[in-house]
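Below is one structure; the comments refer to it alone.
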Amino acid sequence: ESHSVVRMGTEGAYAPWNFINDAGEVDGFERELGDELCARAELTCEWVTNDWDSIIPNLVSGNYDTIIAGMSITPERDEIIDFTQEYTPADPTAFVAMTEDLDPANSVIAAQTGTIQAGYIADQGWTLVEFATPEETIAAVRAGEADAVFADQSYLAGAIEGQDDLIMLEQTVALGGGVGMGLRESDTELREKFDAAIQSMKDDGSLNELISKWEVASLFE
Amino acid sequence: MFSFCADPETLESVQWLACYLTTGKHMGFYWSFLTVLTLLAITAPLALIFGFGGAIAARSTIAPLSWFGKGYIAIVRGVPDIAFFLFFVIALDQGIEYLRHKIKCPDWPDTIRQGNDFIVCQAAKMPLGNAPQWVHETYGYFIAVFTFAIVFGAFAGNVLFGAMRAVPKPQIETAEAYGMTRRQSFWRIIVPQMWVYALPGLGNLWMVLIKATPLLFLLGVEDIVYWARELGGTKTPRFTDYPHGDWRVWYFLVLLVFYLAFTRLSEIVLDRVMRRLTAGQATSGGEAQRRAAA
Amino acid sequence: MTDPVIEIRNLHKSYSALEVLKGVDVTAPAGHVVSLIGSSGSGKSTLLRCANLLEDSQEGDVIFCGEPVVWKGTGLHRHPGDHAQMIRIRTNLSMVFQQFNLWSHMTILQNVMEAPLTVLKRDRAEVEASARAYLDKVGIGDKCDVYPAQLSGGQQQRAAIARALCMEPKALLFDEPTSALDPELEQEVVKVIKDLAAEGRTMLVVTHDMRMARDISDHVVFLHQGLIEEEGPPEAVFDAPQSERLRGFLSVTQSA
Amino acid sequence: MTDPVIEIRNLHKSYSALEVLKGVDVTAPAGHVVSLIGSSGSGKSTLLRCANLLEDSQEGDVIFCGEPVVWKGTGLHRHPGDHAQMIRIRTNLSMVFQQFNLWSHMTILQNVMEAPLTVLKRDRAEVEASARAYLDKVGIGDKCDVYPAQLSGGQQQRAAIARALCMEPKALLFDEPTSALDPELEQEVVKVIKDLAAEGRTMLVVTHDMRMARDISDHVVFLHQGLIEEEGPPEAVFDAPQSERLRGFLSVTQSA
Amino acid sequence: MECLDTIADYGLRSIGIGERLLPRENFTLCQQFTLIGSGMLWNIYFGVLSLLAGFFLATAVALGKAARNPVLRKSSEWFIFIFRGSPLFIQFFFAYFLFLALKGQYPFFDPFTAAWLGALLVLFLNTSAYTGEIFYGALQSIPKGDIEAADAYGLSGWSRFRRVIWPTMLRLAWPAYTNEAIFLFHSTTLVYFSGFPAWQQKGDALYYASYFADKTFNPFVPYPILAGYFILLTLVIITLMGRIGARLNRHLPQEAKRTRFRFRPQLIR
Ligand SMILES: Nc1ncnc2c1ncn2[C@@H]1O[C@H](COP(=O)(O)OP(=O)(O)OP(=O)(O)O)[C@@H](O)[C@H]1O
Ligand SMILES: Nc1ncnc2c1ncn2[C@@H]1O[C@H](COP(=O)(O)OP(=O)(O)OP(=O)(O)O)[C@@H](O)[C@H]1O
Ligand SMILES: [Mg+2]
Ligand SMILES: [Mg+2]
């Protein structure tokens, strides 16, 4: 199967990984990374945004060819689709609250509906309140509806920048694996191309450069 | 947009706002209003046609056709539009590609379902894999229109079915007594008279349809609500030249005004139509009109 | 002039439990006017409605111009079996309803032109001319462009008569065509009916007006509780009624 | 018996451009029956409708039992100003409509009982008894529990009459109360009207039946093109008509 | 039976009774049916209460809009306009926002930011506006003769309304009102989808359906299950409303029985 144009599916609502910039285009760490990978693999690429909820079904159904949307590699996902090797290491999950002294077990923790973070809080038996968008989780803390937000550190860092009332707590939790690019299981050829391209970026250090530029995760050793 | 927008940090508030409101992202926002309006303009007549077809089928004396019509009206009407949009569009898309695949690549060796994947030959892709982005977007848009029309067609079918039955029996009987066939009395008496009974229901449906457009994003179309959320959310200086706090309230207020204005416009038009339909009729509406005119 | 145009034989009709017609025979030869009289609720309107197949009857025959209606099913499930035949009969048989039943969404002129245009497919200009002529004839030529709801009762009734005439049918069914008309107009209608009969059209007329029945009829049928109690030429029926019931029915009219 | 119960003075009424009543005076003393005759479209129904305030009139007065209707506004905006008064007048003034206007969602018995129960707040058992009695009186006691759509034209008209009678009002307005009735029933209705007059009730009756008008009336009013052309006791009006128009109108009736 | 256990564990999960944790892996069909069904409790709760309460407000609003009194008329018109003129989720957004603000001021408003009260209130007002407009439309097409006869017999005010206008209004409005009832139940899926937060993973049917879709990456199982539940619910609504509708129309001649046996050779008529 040949791909004359590779359609790259992303969400566009998860800075700094991927977001829509002032010009209305997809921007962020993954945009830059994806463009570089396509250049190295000598592919013509096109960017497509899709709602997070249906991002995997639409890939499987062939509406685009890759998912490059800050998606952690988990065993469950890996059963349905294939992943390239990870292009960032696991990003820790962190809390943001109004005060330093937060005891998660006796607080109301906000998370985005259906995320692994929400699942984790439910597992712990803490009081979970779920909102449809990450934006609302932060608003809820400010409004006093929740005591803390539980989300990816890189996202929280970007979201509270310049907002003095909110504090990122020291405590972090490691959830999920590294982030990789998702592809259809039948699309082995394309996966190999991207794998090779990621490897070459790892090898020449350009990947680490990108990671530190966008502050999305820790660097590769 | 404006030449002075080069370095937004130095701007005064008015200029800043002018620059802010003309970013590419805002252009997307403005454009999406047009998207929504065209969606409505295409969906409404299409849904009416589907509904009319459904109602006619449901009234048919041929059992299978009548079951089909009633089934369509009852089942599609039964599913919440959100739930319908969440799986139907993908299914529809796959269905189209499946058919194209059967026609275009009859001797394709592999199966279409490979594990979790749905794979058809390149020629059967809809639109073709190498088509430019706007073709993909237009295709997605029309799939969305079609889906909306199917859903709202079922409701329109129900309204029209009821309206056809509300036409007083003697009126139809008279037509038959004058030798009109069922078909003739349907088109000459029932259809013209049913609008009076159907219009309030259809008007309501139109209002509901307008309010359903925020669901467009579920169908992969970037609509006004998507942009309002996107633009209104808190922006930190790292990712934008125009940082601001949570401005969703303001953006949603803009949407509110848009929807209210559009509703008002629709009401005025519907009111005119209703006035025409009730003119001279022996109903309280016609009576009120007569008294008002006096 | 003796071929029957409308022939009804042994007609039975029930509304679920209520038997309204219990075996009625009526024959109307070409160019004849047959009047149906009888007390309220005796089944006169029902008989007319059965004659042009608006109601299904359970037993008996309806024969129009020598052609018997083809039935399908029996008893309560009996209904006309040949659609084309039904249409053919109805276009040759116009009815004026007791409640007028003008189409409320059309102006008076449109009401009159509707069936000739859509059913008979006649030429529009020609139909319009004849519609206006008929409306003038019944005296409401000035009400062409108003809706039925804006007419007085008598005006509506006259519009309904014009509508039936404009079909120029072989036979007409009138259900109390003068109930809402003043004596002057009633005389006009009597004249119209007589003219129609002279043109060779056949008519079944339900009426409560004995004077009119006597004036126009070639034959009078007295219906009582779903059966024909007595019938005959008007002179016989009105001047020498045989049955007790008919004598009772007529006495009030005569005495006054 | 000479206090006027219904008094209409110089009444003017237009439907937008069409002037239907052009200054009409009608007086009906207690226990009197006043008949309105006139050709179709002359404004008889309109006059009745103005009398019980269903239509707003533009000029003139309506006086019921000596109490003049209070108006608000002028000209085309004139309408009754005192709601309580309007209700009071209407409950004492029942109307039988030309098109019957039975409430289609109620059975015949419910139709008759409705107003006495909800407006007059009379006792249910008593109202039911009297409703059944009135329905029997008009000969449709067996149709108590069916809906109007299942009745013949004459039966509907009789139900409408029973509905009006059951209100036991001071005055009644009849709009062609016998149009759908056969002569026998018509005589029944004439008898009912005479009985009511004997009980002291006042009536305004629109009719096309000159015989009936002569039978029942104390006073006959001939309406022509929105004006009273002639009026007087029945003998005078019918036997010695003064005006050209009335003579023309009556000639058809007499001659036959 | 394994499935019975699942039902026991999760049947009432949406209202916080039963298993604390949602299933995490090896999702069975039974689990999906049970949890989504459990979520339906909320959809039914929101739908039934707001529909019942809305019926009365809608009647009042429709009468208000038809009233001569300009204050009544204008306020009814504006009420209908605002709630019918804006998408439900914007109403949810502003209501939540407003309740949050009020809560900061007055403790009375504490429960309003929870869906069970806040969303219910919004849905109630929303359906009242839509239904009010439907009823108003029906009021406009009541046959003139019916009202005239009522007027002529001195029926006025409340009794004229209750005995003559109201039954006819309902009869004329019924098909559209049935549609509105269905729409209302459908809109209850928006409560947690975009509007109010879900606490402790207690949500409505759509909440659980998208939970499963998210975990299994397969929209073709949970959403059709959800659709199936709603079709059932809709059929119940249609049946109930149809019964009432038949009662409202019981005076019309029963034509259906007769025509059923007719076969007409045309495909379309
Ligand atoms: N709602 C209306 N709008 C406009 N014109 C009307 C309306 N109702 C009646 N008219 C006109 O007013 C005139 C008088 O009508 P009305 O019903 O009073 O006549 P009528 O004397 O009762 O006649 P009939 O004996 O035929 O019942 C008629 O010419 C009629 O066309
Ligand atoms: N749709 C119906 N359902 C049940 N019964 C009906 C129906 N239509 C008429 N009837 C009954 O059938 C009988 C005959 O009615 P029909 O209308 O033929 O009487 P009619 O002779 O025309 O009387 P009128 O002179 O009063 O018009 C009446 O008793 C009536 O109640
Ligand atoms: Mg009859
Ligand atoms: Mg009249």
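In what follows, every chain begins at residue 1, and chains take the letters A, B, ... in the order their sequences are listed. For the numbers below, each heavy atom of this structure counts, side chains included, while hydrogens, waters and symmetry mates do not. Treat the numbers as computed from the prediction; the structure is a model and nothing was measured.
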When the 4.5 angstrom heavy-atom criterion is applied to C:Gln156 and chain D, the contacting part is side chain
Measure distances from D:Ser39 to the heavy atoms of chain C and classify the residue's part below 4.5 Å as side chain, backbone, both or neither. both
Interatomic spacing from NE2 in D:His208 to OG1 in C:Thr178 - rounded to 0.5 Å: 9.5 Å
Heaviest contributor of heavy-atom pairs below 4.5 Å to chain D, chosen from C:Gly43, C:Gly154, C:Gly153, C:Ser40, is C:Ser40
Taking atom CD of C:Glu244 as the centre, report whether more than 12 heavy atoms of other residues, nucleotides or ligands fall under 6.0 Å from it. no
Which of D:Glu186, D:Gln157, D:Gln155 touches chain C most, by non-hydrogen pairs under 4.5 Å: D:Gln155
When the 4.5 angstrom heavy-atom criterion is applied to C:Gln99 and chain D, the contacting part is side chain
Do you know the tightest heavy-atom contact between C:Ala180 and D:Gln98? CB-NE2, 4.1 Å
Under 4.5 Å from any heavy atom of chain D, what part of C:Tyr15 do you find: side chain, backbone, both or neither? neither
Heavy atoms only: give me the nearest D:Leu18-C:Lys143 pair and the separation to one decimal. CD2-NZ, 3.9 Å
Nearest heavy-atom pair of D:Glu176 and C:Ser179: which atoms, and what distance? OE1-O, 3.9 Å
